Amino acid sequence: MTDFLTPPATPSAAPAPYRRRWPALAVILAGSVMEMLDSTVTSIAGPTIRAELGGGTSLIQWLGWPTPWP
């Protein structure tokens, strides 16, 4: 038979949060900032690189700029 007088078992305290979440966030944010910096440098220097190397629009595409300059 079931004993209805005993209270149900209460769950234990919540587990400790993930210890390395803040360093992981810092690494992800640093990577995002580096990607934005790289994109900015490429977009600013793209026309000069193309002119000095004598490349066409495919050179700019290899640099990562999404649309070629005329």
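From a predicted model like this one, the values you see are computed outputs, not experimental measurements. Index from 1, following the sequence. Values reported hereafter were calculated over all heavy atoms of this structure, with side chains retained and with hydrogens, waters and symmetry mates removed.
Looking at residues two or more places apart in sequence or on another chain, you find a side-chain contact (heavy atoms from CB on, under 4.5 Å) between Leu53 and Ile49, Leu59. With sequence neighbours left out, Arg21 forms a side-chain contact (heavy atoms from CB on, under 4.5 Å) with Pro17, Tyr18.
Here the options are Thr42, Thr48, Thr40, the test is side chain to side chain contact (heavy atoms under 4.5 Å, CB included), and the partner is Ile44; only Thr40 passes.
Between the Ser39 side chain and the Glu35 main chain, no donor and acceptor come within less than 3.5 Å of each other.
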